[in-house]
Asker: 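The following block contains the structure, expressed as structure tokens.
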Amino acid sequence: MNTKSLQEFDPEIFGMIQRESARQTDKIELIASENFVSPAVLSAAGSVMTNKYAEGYPGKRYYGGCEFVDEAENLARDRAKELFGCEHVNVQPHSGSQANMAVYFSCLETGDKVMGLDLSHGGHLTHGHPINFTGKLFDFVSYQVEKEDEVIDYDKLIAQACKVKPKLIVAGASAYPRKLNFKRFREAADACGALLMVDIAHIAGLVAVGLHESPIPYADYVTTTTHKTLRGPRGGMIMCKEEFAADIDRTVMPGIQGGPLMHIIAAKAVAFKEALEPKFAEYQRQILANAQALAEALVGHGQKLVSGGTDTHVMLLSLLNASVSGKKIEKALDRAGITANKNTVPFDTRKPFVTSGVRLGTPAVTTRGMGEGEMREIASMINDIVNDVASGSDKTNDGAVNANVAERVKALCRRFPLLTSTTQTASLAQ
Ligand SMILES: *Cc1c(COP(=O)(O)O)cnc(C)c1O
């Protein structure tokens with residue numbers, strides 16, 4: 001076996017990881033679905049549990065030598081149950097998409113009717129987009145937000161459910177800045193005899209500490225990722241009522257996956273332990289305070305936000321009536337060291353690869369320790385860039401505004417060092 005260090009054996013990959021680490025340290029991360037894990041989560045994710053095959057579930061594996069990974073998976077399950085108060089949990093899905101796939105395959109037949117939020121209104125690819133497996137295998141009918149206030153009208157949703165008669169209703173979103181009303185979703189499901197799945201991939205951290213209502217009492221299935229506001233390793237998870245437990249477990253393995261990623265399950269357990277600490281609730285409160293500060297400052301500068309603001313960690317800068325697209329702003333922000341993603345907005349008139357929106361989120365900058373003052377500074381930077389590009393002055397002033405923002409980004413990042421990446425760089429150098 002190769003016993004050289006990564007640096008010695010593969011300087012190319014070593015260099016790439018170092019440059020990625022520096023990018024994370026030196027730029028302002030506003031991608032709403034990203035976060036920075038702790039050194040403890042990173043250690044578990046990079047551990048020797050990656051070597052172990054453990055198809056099956058604790059106590060019922062198809063392989064020997066599972067005594068320690070069994071302990072890790074049991075601990076992950078116990079902590080997840082404590083965190084979310086669910087009856088049953090499966091921590092094996094490799095990603096949020098696979099968690100959703102497992103729920104669909106456990107309760108639907110090919111061609112069944114399902115309702116999910118339109119992708120361009122904030123939904124996720126796995127909520128029925130035509131180019132995704134969900135749109136290809138099932139008969140998805142999408143619901144949308146209202147044109148006037150850009151939020152879901154629940155009376156309309158219930159009426160639509162009664163007309164469509166889906167077997168499953170999917171609630172949850174990737175770019176919906178407002179709180180979701182799970183009680184009303186349950187009413188919609190009950191009105192047409194459908195099952196209800198709630199996908200809390202984005203808001204799991206807020207739900208865990210009670211800052212967003214929990215869907216557990218209302219939903220038949222709750223899916224999530226573990227790497228967004230929950231701040232764990234990249235992965236997925238399914239929570240469900242006891243009556244669906246055996247079906248869900250069977251559908252995850254052998255239905256759609258083979259061996260679980262035991263190192264990632266161990267890292268999930270560590271992240272859940274972190275999330276059970278009082279400090280984590282404080283962190284989630286600061287995510288919301290920061291989102292409020294960022295949204296209010298942007299609106300104060302005259303920028304438009306979808307639905308006028310946010311009550312979560314995420315917001316959408318709307319460029320629907322602006323001369324400049326989301327794609328252009330994403331590029332200009334990136335040049336200045338601010339990382340965000342272009343995103344369609346409801347009733348977008350531009351193409352999905354161009355878009356009329358930019359999605360902004362506060363989980364990652366909050367992990368760095370930034371507060372409301374820094375959010376106002378970031379809003380001012382974003383405003384300067386949008387105005388610069390929209391007015392075309394970025395061409396006449398030779399990128400002076402962009403260069404000025406880049407300097408401010410550097411200064412801000414220096415004031416808030418990122419602990420995980422220095423740890424990672426140090427451990428790589430060993
Ligand atoms: C991110 C996300 C997912 C999928 O997560 P992956 O781990 O990227 O597959 C699913 N649903 C929603 C609502 C999401 O935001």
Side-chain angles (χ1 to χ4, degrees), residues 29-35 37 41 45 84 90-105 114-129 131-135 138 140 142-145 152 168-180 182 185 196-208 212 214-215 219 221-240 252 256-257 260-261 264-265 267-268 271 287 291 306 310 312-316 340-344 346 352 357 359-364:
E29 185 57 75
L30 292 178
I31 292 179
S33 50
E34 291 190 16
N35 214 327
V37 298
V41 168
F84 290 100
N90 187 310
V91 295
Q92 292 193 1
H94 301 332
S95 69
S97 297
Q98 275 176 301
N100 290 350
M101 181 187 262
V103 170
Y104 296 146
F105 285 0
V114 190
M115 276 174 64
L117 180 62
D118 195 320
L119 184 81
S120 65
H121 289 228
H124 188 256
L125 274 176
T126 58
H127 296 185
H129 195 276
I131 58 170
N132 184 259
F133 77 90
T134 52
F138 307 110
F140 265 87
S142 53
Y143 54 92
Q144 300 193 327
V145 301
I152 296 166
L168 176 73
I169 294 179
V170 179
S174 301
Y176 186 76
R178 297 299 177 175
K179 284 189 174 162
L180 292 166
F182 301 128
F185 273 106
L196 177 63
M197 173 183 123
V198 179
D199 177 351
I200 57 168
H202 260 264
I203 56 172
L206 298 169
V207 169
H212 189 298
S214 170
Y221 309 95
V222 175
T223 58
T224 187
T225 61
T226 48
H227 50 272
K228 296 180 183 175
T229 51
L230 201 49
R231 205 163 59 180
R234 188 160 296 281
M237 176 163 100
I238 304 167
M239 294 168 271
C240 67
V252 172
I256 63 168
Q257 290 187 178
L261 311 173
I264 296 301
I265 290 173
K268 286 173 183 171
I287 289 178
V306 169
T310 177
T312 63
H313 63 294
V314 61
M315 67 204 73
L316 283 157
N341 62 283
K342 62 176 181 281
N343 211 103
T344 48
R359 190 178 65 157
L360 305 168
T362 54

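Count residues from 1 along the sequence. Predicted, not measured: the structure shown is a model, and the values here were computed from it. Counting starts at 1 for both ligands and their atoms, in listed order.
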Asker: Are a donor atom and an acceptor atom from the side chains of Asp199 and His124 found within less than 3.5 Å of each other?
Answerer: no

Asker: Against heavy atoms of Ser95, which atoms of ligand 1 measure under 4.0 Å?
Answerer: 7 (O), 9 (O)

Asker: Under the 3.5 angstrom rule, does the side chain of Lys342 hit a backbone N or O of Pro352 as a donor-acceptor pair?
Answerer: no

Asker: Does ligand 1 come near enough to Gly96 that some N or O of the ligand is less than 3.5 Å from an N or O of the residue?
Answerer: yes

Asker: Any N/O of Ser174 closer than 3.5 Å to an N/O of ligand 1?
Answerer: yes

Asker: What is the closest protein heavy atom to atom 3 (C) of ligand 1, and at what distance does it sit?
Answerer: His124 NE2, 3.3 Å

Asker: Given Ser33, which partner from the list Lys228, Arg359, His313 fulfils the side chain to side chain donor-acceptor pair (under 3.5 Å) test?
Answerer: Arg359

Asker: Please state which protein non-hydrogen atom is closest to atom 9 (O) of ligand 1 and give its distance, to 0.1 Å?
Answerer: Ser97 OG, 2.7 Å

Asker: Do the side chain of Lys268 and the main chain of Gly235 share a donor and acceptor less than 3.5 angstrom apart?
Answerer: no

Asker: Which atoms of ligand 1 sit under 4.0 Å from any heavy atom of Asp199?
Answerer: 10 (C), 11 (N), 12 (C), 13 (C)

Asker: I'd like to know if Ala173 contacts ligand 1, where contact means a heavy-atom distance under 4.0 Å to any ligand atom.
Answerer: yes

Asker: Please list the nearest protein heavy atom to atom 5 (O) of ligand 1 with its residue and the distance rounded to 0.1 Å.
Answerer: Thr225 CG2, 3.3 Å

Asker: Do Leu180 and Ile152 come within less than 4.5 Å of each other through their side chains, counting heavy atoms only?
Answerer: yes

Asker: Which residue from His202, Arg234, Lys228 reaches closest to atom 14 (C) of ligand 1 through any of its heavy atoms?
Answerer: Lys228

Asker: Is there a donor-acceptor pair closer than 3.5 Å between any side-chain N or O of His121 and the backbone N or O of Val145?
Answerer: yes

Asker: Give the numbers and elements of all ligand 1 atoms closer than 4.0 Å to a heavy atom of His227.
Answerer: 7 (O)

Asker: From the options Met239, Met101, Met197, select the one residue that forms a side-chain contact (heavy atoms from CB on, under 4.5 Å) with Thr223.
Answerer: Met197

